Every structure is written in structure tokens, then in C-alpha cells.
Amino acid sequence: MAVLDVHQRELRNLRLSVTDRCNLRCAYCMPEEEYTWLARDQILDFEELALLVDAFVLAGVDKVRLTGGEPLVRRDLDVLVEMLARKPELRDLALTTNGILLAGLAQRLKRAGLHRVTVSLDTLHPERFLALTRRDEHAAVLAGLEAARSAGFTHTKIDSVVLRGTNEDELAALVEHGKRVDAEVRFIEYMDVGGATKWSMDRVVPRAEILERLSAEYGAITPLHEDGSAPAERFLLADGTVFGIIASTSAPFCGRCDRSRVTADGQWFLCLYARLGIDLRGRLRAGATREELAAGIERVWTGRGDRGAEERLVHHQRGALAPREELATNPHLEMHTRGG
Ligand code: SAM
Ligand code: SF4
Ligand code: SF4
């Protein structure tokens, strides 16, 4: 029986960040030149991460997504994947990556037992990619997507953040690319989370406009009314193609949110917008067993009332969640620390 929070939401889904480091500098996530990094001796090793996952599994989690920063910059990530893949209670073990290192690692990750990959890709134009991410790695990302397919991954997803003035004219092209590489595209509204210090409402392309733009290209779009906690609403095009929209900014889905996040140094955040995390590393390193950790996790979850994105909606003069100065002293607020 999964444990329920105060809004009757289950604890099912864990986003586990394995590093705060990244080999891109996406404008919506890491727009600054300098960052304050997590202390190296506080980063959990694979045994510690696996024990934490064990505790979460005991508390009801059956889906784990490895993320970061860029998870593939963490050395030997396939070893961690192998450790986690051995847990039969995990119905879903996925990875979100920017794809740069995927071409070289896809086969090892598949062999290690990873179930699925999601590759973030916002544009099909190399020069736009360079402007958006400040790294000339577009070809590597495309190769990574191809490699995922060759390695035998199925149910691959492409996540695209839509930014006004940057890529809102590429929605159909991204859907077409998804068809070519056998991946389902999900369009994500630009969010005002920590890290997004350049966020403003006029750069958000809301779900309604994404649908309008796509129906101008494809004609009628049918919503697939699915139950469940997945953040993406899925839609069907006349040719049978399915795509998703994650409308976190204009139409948040907090009411059915079963996810939480653990940072690479073992801080547990009950909401993407939460200011404070719960220190699991301290308990872990003090020798807590998985049963003790699980009991603590359950106790905390039953008191969870977070609805961060919904609360942001009522702020009419909305701006970035956290200013640069605050992020510099509190890297745990950063999107690249808490895993997106
Ligand atoms: N580095 C990996 C990647 O980019 O796929 C994993 C970590 S990244 C923080 C996870 C996801 O968060 C990515 O798909 C990224 O596009 C998304 N993201 C980051 N900042 C965002 C923002 N301000 N609004 C919406 N999505 C954002
Ligand atoms: Fe981009 Fe992901 Fe790196 Fe953030 S963590 S800068 S979204 S690649
Ligand atoms: Fe869940 Fe918080 Fe995101 Fe709402 S804002 S969907 S509660 S993580």
C-alpha cells in the first residue's frame, strides 16, 4: 500500500539526481557564467544511492528516474543502473539526459538494465542549439538519440522546452523528428523555477498556443484522456502520432503529483518549488537502516501539502522564483541540482 500525503497523493515516483554538474548551459536552466557546486565529499556514492532507493521502494516508490545536472557525466553510471535494475519492485527505471554522451553509453546502459531514456532536445537547428546551450554539441545529441534506438531502447521520449522567440516555430519539425527516431515528443512550458533567472511570462508559450500552432500544421488534434499521475497530457494527430504537453506553468497538475526529488548530496525535496529539503544524507551516514529511512520517509510524506506550481499561478506580477544572489548561496534551489 502506497503512503498518502495530505491531499491523498501517493508516493510513487522518485527523481534521483546523480550530479549537479552539466556539460551544457541551457539558457532556461543554467544561464549564469559561474555556479556554486555541491561539496564533493557530500555527493552520495552508488552504495548510498542504492540504499536510499531501497528505502524509497519500501515506502512505496516504484518508478525511479535518474537525472542531474547531466546524469551521464557521472562516471560509470551504468554500474548504478545495474544495481537499481536488480530491484524487482521498480516497475520503471528511466534516465533523463541531454544526450551528448549517450551515443557512447547507450549500449552499456541498455545492458545494465535501464528501461527507458528521455532526451532533452529543443531545436533542430545547430546554430540555435549553440545559442541556447552555449555549447556546440547539437550533432552529438542527435547521434545520442539514434544510438538509443540502435541499442534497443523503446518508448523513448524527446523533451522540448518551448521558449517564445527561440523555438516556437519548430513544434511540427520536432514532432517530425520524433517520428523519424521513434520517440514521442513532449513540449514543456518554460517554468519559473530556481535557475530560471531570466524567466518572464511573455517568454512562456502556453499549452493553448502549442496546440493552436500544431493544429495549423496537422489539422484536428484529439486529446487522449488518460488517468494517472504523468505530468504530460497526451494528444493524437490524425496520422496516429502521439505527442505530449507538460503545462506546468499555465495549467499545473499538483493535484495528482506523486513525485519527489533527491539531490546528489541526499537532500529530499517534496516539490520542485520547495525551498527546504530534508537531509537524508545525515541519517544515511549516521548508519540508519533502510527500514529506519523508509519509516522516516513515510512520516514526512504523510504531512506533505505542497502545491508549488499552483501557488505560483496566483502571483500576477510573476518573475523568476529565486534571484541570482540567493542561488549563489543556496545551490539546492537550482533546477540543475534538484533534477528538473
Ligand atoms: N541534463 C538533463 C537534461 O537536460 O535532460 C537532465 C536534467 S534537466 C534539469 C531535466 C529537464 O528539466 C530537462 O528536460 C530540461 O529541459 C528541464 N528544464 C530545465 N529548466 C527548465 C525550465 N526553466 N522550465 C522548464 N523545463 C526546464
Ligand atoms: Fe540543460 Fe539539463 Fe544541463 Fe540544465 S541540467 S543546463 S536542462 S542539459
Ligand atoms: Fe508536484 Fe510541486 Fe510540481 Fe506541483 S509544483 S506538480 S506539487 S512537484
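Remember, predicted model here, so these are calculated numbers, not experimental data. For reference, positions follow the sequence shown, starting with 1. In each ligand, atom 1 is the first atom listed, and ligand 1 is the first ligand listed.
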Suppose I only count heavy atoms of [X] and a 4.0 Å limit; which atoms of ligand 2 are within that range?
X   : result
G69 : 5 (S)
L24 : 6 (S), 8 (S)
M30 : 6 (S)

With heavy atoms of [X] as the reference, note each atom of ligand 3 found under 4.0 Å away.
X    : value
D306 : 7 (S)
R261 : 8 (S)
F253 : 6 (S)
C254 : 4 (Fe), 5 (S), 6 (S), 7 (S)
A309 : 5 (S)

Distance-only side-chain donor-acceptor flag, [X] / [Y], under 3.5 Å:
X    : Y    : answer
D122 : Y28  : yes
E70  : T97  : yes
T118 : R186 : no
R312 : H315 : no

Taking 4.0 angstrom as the limit and counting only heavy atoms of N98, give me the atoms of ligand 1 inside it, by number and element.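 Reading through ligand 1 atom by atom, the close ones are 2 (C), 3 (C), 5 (O).
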If we only consider heavy atoms of G69, is any one of them less than 4.0 Å away from an atom in ligand 1?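 G69: in contact with ligand 1 (<4.0 Å).
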Strictly under 4.0 Å, does any heavy atom of R338 approach an atom of ligand 1?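 Not so, R338 does not reach ligand 1.
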Which residue owns the protein heavy atom closest to [atom], what's the atom, and how far is it?
atom                    : result
atom 13 (C) of ligand 1 : S120 OG, 3.4 Å
atom 20 (N) of ligand 1 : Y28 CD1, 3.4 Å
atom 4 (Fe) of ligand 2 : C29 SG, 2.5 Å
atom 16 (O) of ligand 1 : V161 CG2, 3.2 Å
atom 24 (N) of ligand 1 : M191 N, 2.9 Å
atom 18 (N) of ligand 1 : M335 CE, 3.7 Å
atom 11 (C) of ligand 1 : G340 CA, 4.4 Å

Part of C22 with heavy atoms under 4.0 Å of ligand 2, whether side chain, backbone, both or neither: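 Looking at C22 and ligand 2, just side chain atoms fall under 4.0 Å.
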Output yes when the distance from some N or O of ligand 1 to some N or O of T97 is under 3.5 Å, and no in every other case.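 Checking ligand 1 against T97, an N or O pair does fall under 3.5 Å apart.
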Hey, does E70 come in under 3.5 Å of ligand 1, counting only N/O atoms on both sides?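 Yes, since at least one N or O of E70 sits under 3.5 Å from an N or O of ligand 1.
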Would you indicate whether the side-chain heavy atoms of L49 and R74 approach each other to under 4.5 Å?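 Yes, close enough: below the 4.5 Å cut-off.
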Hey, does L11 have a side-chain heavy atom less than 4.5 Å from the side chain of I297?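 Answer yes - side chains close enough.
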Tell me which one of C257, P231, P252 gets a heavy atom nearest to atom 6 (S) of ligand 3.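 Considering heavy atoms of C257, P231, P252, the nearest to atom 6 (S) of ligand 3 sits in C257.
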Taking atom CH2 of W199 and atom OG1 of T249, what is their separation to the nearest 0.5 Å?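 Result: 6.5 Å between the selected atoms.
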For ligand 3, indicate whether the residue R256 contacts it via side chain, backbone, both or neither (heavy-atom separation under 4.0 Å).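 Neither part.
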Once you restrict to heavy atoms under 4.0 Å, what part of T67 touches ligand 1? Side chain, backbone, both or neither.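 For T67, only side-chain atoms sit under 4.0 Å from ligand 1.
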